[in-house]
Amino acid sequence: MKQQTICCPHCGHQQTLDIDTSNGDQEFYSDCRICCNPIHIRVHIDHQLQRIELHVDADDEQFY
């Protein structure tokens, strides 16, 4: 388990997130503790470089 501090993409509140790295790549939602909006979280484990990539968004953002 790793702990990471993230900012809510809706209200900007900082919160601590526990990440279980034993499950490999993951995609899940976590509700903000302040505004209760869903936060979309994607975790990528790069074993070769020994690092964790964390992508946080509001899930309603559009990419062109």
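Nothing here was measured: the structure is a model prediction, and the numbers come from that model.
- The heavy-atom pair separating T16 from R33 by the smallest distance is O-NH2, 2.9 Å.
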**Asked** Which is it for L17 and T5 under the side chain to side chain contact (heavy atoms under 4.5 Å, CB included) test, yes or no, and what are the steps along the way?
**Response** CA-CA 6 Å; L17 181 68; T5 301; over 6 Å; no

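- For residues 45-54, the pairs satisfying salt bridge (charged side-chain N to carboxylate O under 4.0 Å, His left out) are R51-E53, with sequence neighbours left out.
- In terms of modelled atom types and a separation under 3.5 Å, the side chain of Q26 and the main chain of D20 share a donor-acceptor contact.
- Interatomic distance, CD1 of I6 versus CD1 of I41, reported as 4.5 Å (0.5 Å rounding).
- Looking only at side-chain heavy atoms (C-beta outward), C35 and H13 stay at 4.5 Å or farther from each other.
- Residues C11 and C32 share a closest heavy-atom pair of SG-SG, 3.7 Å.
- Each ring pair (Phe, Tyr, Trp, His ring centres under 6.0 Å) pair with one or both residues in residues 33-54, not counting sequence neighbours, appears once here: Y29-H40.
- N37 places no side-chain N or O within 3.5 Å of a backbone atom of D31 that could act as its donor or acceptor partner.
- Residues I34 and V56 do not share a hydrophobic cluster, clusters being chains of Ile/Leu/Val/Met/Phe/Trp/Tyr side chains in contact below 4.5 Å.
- Within the model, atoms CD1 of I52 and CD1 of I19 stand 6.0 Å from one another, a figure rounded to the nearest 0.5 Å.
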**Request:** Step by step, work out the side chain to side chain contact (heavy atoms under 4.5 Å, CB included) result for Q15 and I39.
**Result:** CA-CA 11 Å; Q15 49 195 315; I39 303 170; 3.5 Å; yes

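- Interatomic distance, Q14 CD to C8 SG, rounded to the nearest 0.5 Å: 11.5 Å.
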